[in-house]
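Here is the structure we will look at, set down as structure tokens.
Values below: every heavy atom of this structure, side chains too, minus hydrogens, waters and symmetry copies. This structure is a prediction, so every number in the text was calculated from the model and none was measured. Residue numbers run from 1 in the order of the sequence given.
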Amino acid sequence: METNNTKTPTYKRVLAWIGIVILVGMYLVLLYEALTGSPETYNVFITCVAATIAVPIILWLLIWSIGALTGRHTVASLDAMTSNRMHDKYGNVIPEGKIRTIVFDIGNVLVDFAWRPLIEKRGFDSDMVDRIAKASVFSEDWVEFDKGNLSIEEIIDLFVENDPEIESEIRKAFSDLTDIVTKRERTIPWINAIKAAGYQVLVLSNFSKMAVENCKEAMGFLDYVDGGILSYKDHVVKPGEEIYKLLMERYDLTADTTVFIDDTPENIDTAKRLGWNGIVFKSYDQVEDELRALGVKY
């Protein structure tokens, strides 16, 4: 682990010297013009003043551009509030405490799993919604949906087998999965704040391909995380240990520096058995309190 005492990168020192040489050179020219009584003294003075303002701005923009292109923290990065934090050799913030990676479940943590509103929109009363849900969302077959091993048609056929009397209702309910998950406005700012504090942010979720493809706006946060596993891609689901171990291997995670946030206690139990830290999501405030107790600051 390296701290703020790390040697300044070469490019920063070169740019700094260029700025110093330009400014000192111009003021030497001004001094010469003044001592010789040159009529250009005033113009040189104005140029020096302008350069004193412009050169630092130009250098700041150059350094900012380098940071933006390389993804590295620089002195020009727009996060001055981290100036008192530890940084690695690239200037990236090093998180305080032992936690390095925060792993999120998706449904009812980063988005709302809105299966009931989806079915209600088809015009069914509350009793029928519950009956359809029992044959689908709350059935063991929903796990197969998340594993990604079957097509949507095959999955619906399994739902129908669970309650053949309401076949038409089941098929109507799942004819379109648009908005089966809905956006939470707090998600992206939350992810960005955690990443800005230097933590790696991953997702680990039982999730179907259809839900991802039909809810692109709600799933927009996937562009902001550092990676993760969606069950349908690797055909493994929580709470089985395999999906957790796969995430650890793929992202070279250390169990005791990782914390998992999920709304299902059973999924957190598996994480803890593997040595992870775990938080059962109940509310944002409760999760943030528990993260602070683990030493997570953002």
Would you list the atom pairs, donor with acceptor, under 3.5 Å between side chains in residues 119-131 and any protein atom, with sequence neighbours excluded?
unit_1: Arg122; atom_1: NE; unit_2: Lys172; atom_2: O; d: 3.1
unit_1: Arg122; atom_1: NE; unit_2: Ala173; atom_2: O; d: 3.4
unit_1: Arg122; atom_1: NH2; unit_2: Asp176; atom_2: O; d: 2.5
unit_1: Asp125; atom_1: OD1; unit_2: Asp127; atom_2: N; d: 3.3
unit_1: Asp125; atom_1: OD1; unit_2: Met128; atom_2: N; d: 2.8
unit_1: Asp130; atom_1: OD1; unit_2: Arg116; atom_2: NH2; d: 2.3
unit_1: Arg131; atom_1: NE; unit_2: Asp163; atom_2: OD2; d: 2.7
unit_1: Arg131; atom_1: NH2; unit_2: Asp163; atom_2: OD1; d: 3.1
unit_1: Arg131; atom_1: NH2; unit_2: Glu165; atom_2: OE1; d: 3.0

Under 3.5 Å donor-acceptor pairs involving side-chain atoms of residues 153-161, not counting sequence neighbours:
unit_1: Glu153; atom_1: OE1; unit_2: Ser151; atom_2: OG; d: 3.3
unit_1: Glu154; atom_1: OE1; unit_2: Ser151; atom_2: N; d: 2.8
unit_1: Glu154; atom_1: OE1; unit_2: Ser151; atom_2: OG; d: 3.3
unit_1: Asp157; atom_1: OD1; unit_2: Arg171; atom_2: NH1; d: 3.3
unit_1: Asp157; atom_1: OD1; unit_2: Arg171; atom_2: NH2; d: 2.8

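Applying the side chain to side chain contact (heavy atoms under 4.5 Å, CB included) test to Thr47 and every residue at least two apart in sequence or in another chain returns Met26. Residues meeting the salt bridge (charged side-chain N to carboxylate O under 4.0 Å, His left out) test with Lys245, sequence neighbours left out: Glu241. The side chain to side chain contact (heavy atoms under 4.5 Å, CB included) test applied to Leu35 returns Leu31, not counting sequence neighbours. For Phe145, the ring-ring contact (aromatic ring centres under 6.0 Å, His included) partners two or more places apart in sequence, or in a different chain, are Trp142. Listed by chain and residue number, Tyr298 satisfy the side chain to side chain contact (heavy atoms under 4.5 Å, CB included) test with Ala193 (two or more places apart in sequence, or in another chain).
Counting side-chain heavy-atom gaps under 4.5 Å among Ile, Leu, Val, Met, Phe, Trp and Tyr, the cluster of Tyr251 also holds Val103, Leu202, Leu204, Ile229, Val236, Ile243, Tyr244, Leu246, Leu247, Met248, Leu253, Phe260, Ile268, Leu274, Trp276, Val280. Grouped by direct or indirect side-chain proximity (heavy atoms under 4.5 Å, Ile/Leu/Val/Met/Phe/Trp/Tyr only), Val143 sits with Val237.
Applying the ring pair (Phe, Tyr, Trp, His ring centres under 6.0 Å) definition to pairs two or more places apart or across chains, none involves residues 219-241. Within the structure, the salt bridge (charged side-chain N to carboxylate O under 4.0 Å, His left out) test picks out the following pairs touching residues 258-267 (sequence neighbours left out): Lys238-Asp262. For residues 34-59, there are no ring pair (Phe, Tyr, Trp, His ring centres under 6.0 Å) pairs, not counting sequence neighbours.
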